[in-house]
Amino acid sequence: MTGLRLLAGLLLITAPLTAVASKQCTDTFYFTHQADLSAALEQRGIPHELDEDGDYELSIDGHVTYLIISKRALTLYGAWTGSDVGLEEMNQWNLEYRFSRAYIDEDGDPVLESDLDFEGGVCFSTITTFIETYEGSLEDFVDLISN
């Protein structure tokens with residue numbers, strides 16, 4: 001009887017994990033087609049241009065942000081000049097915000113970055129959620145560096 005209880009307990013524990021693992025998207029995206037990134041940006045209503053390096057220059061609420069494409073990840077990157085925000089505020093940001101990081105670059109400018117690991121592919125909805133999350137962080141970040 002103990003063996004049956006153990007087996008039943010294992011099934012109860014692993015059942016939710018199996019359900020999550022079996023939930024797959026039908027639009028797995030491997031970043032081989034630039035048009036797919038354009039589609040994600042257009043869906044969010046974000047004006048964008050492809051630059052000579054194959055990266056995107058975006059305008060999110062009037063703020064220039066770059067969508068940098070590398071072999072393993074997408075990076076959203078924005079830097080601002082003319083702000084006197086310091087390291088203490090950047091450290092506080094990094095304590096409070098989970099899906100982005102803030103720092104002062106080598107020119108003394110505040111930077112906001114976020115990464116999406118796409119090794120193995122991601123769903124189209126993951127890309128749009130990544131962009132949407134950055135947009136929310138960007139709004140708060142601009143408020144921080146403007147004060």
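Only one option out of L116, L76, I127, I46 pairs with L67 in a side-chain contact (heavy atoms from CB on, under 4.5 Å); it is L76.
Of all heavy-atom pairs spanning G78 and Y134, the tightest one is N-OH, 3.4 Å. Taking all atoms of both residues into account, the shortest heavy-atom contact from A79 to V111 is CB-CG2, 3.8 Å. A pairwise comparison of heavy atoms in F130 and S114 identifies CE1-OG, 3.4 Å as the closest pair. The heavy-atom pair separating I131 from A40 by the smallest distance is CD1-CB, 4.2 Å. Summarising the geometry of F124 relative to D27, their closest heavy-atom pair is CB-OD2, 3.0 Å, with the distance given to 0.1 Å. Listed here is the closest heavy atom pair of I104 and V85: CD1-O, 3.7 Å.
Side-chain atoms of D51 come within 3.5 Å of backbone N or O of D53 as a donor-acceptor pair. Proximity of a side-chain donor or acceptor of T133 to a complementary backbone N or O of T129 within less than 3.5 Å is detected. In terms of modelled atom types and a separation under 3.5 Å, the side chain of E139 and the main chain of G136 share no donor-acceptor contact.
Atom CD of E119 sits about 4.5 Å away from atom CZ of R72, to the nearest 0.5 Å. Considering CG of L138 and OG of S100, their distance stands at 9.5 Å, rounded to 0.5 Å. Here the CG atom belonging to L41 is positioned 11.5 Å from the OG atom belonging to S59, to the nearest 0.5 angstrom. Atoms CD and CG, from E96 and N91 in turn, are 11.5 Å apart once rounded to the nearest 0.5 Å. To the nearest 0.5 Å, atoms CZ (R44) and CD (E132) are separated by 4.5 Å.
Dense packing is recorded around CG of D107, with more than 12 heavy atoms of other residues, nucleotides or ligands lying under 6.0 Å away.
Put simply, the side chain of L112 reaches to within 4.5 Å of the side chain of S137, judged on heavy atoms. Counting only heavy atoms from C-beta outward, the side chains of T28 and V122 never approach each other to under 4.5 Å. Between W80 and S146 the shortest side-chain heavy-atom distance does not fall below 4.5 Å. For the pair Y66/L58, no side-chain contact is recorded, criterion being any heavy-atom separation below 4.5 Å from C-beta on. With contacts defined as side-chain heavy-atom distances shorter than 4.5 Å, the pair M90/Y103 does not qualify.
Hydrophobic cluster membership is shared by L87 and Y97, with clusters built from Ile, Leu, Val, Met, Phe, Trp and Tyr side chains linked at under 4.5 angstrom. I68 and V64 fall within the same hydrophobic cluster, where Ile, Leu, Val, Met, Phe, Trp and Tyr residues are linked whenever their side-chain heavy atoms come under 4.5 Å apart, directly or through other members.
With 3.5 Å as the limit, one finds no donor-acceptor pair spanning the side chains of T65 and Y56. When only modelled atom types and interatomic distance are considered, T75 and D115 share a side-chain donor-acceptor pair under 3.5 Å. In this model, no donor atom of one side chain and acceptor atom of the other lie less than 3.5 Å apart for E88 and Q92.
Ring orientation note: the planes of W93 and F141 are nearly perpendicular, at an angle over 60° on the 30°/60° scale.
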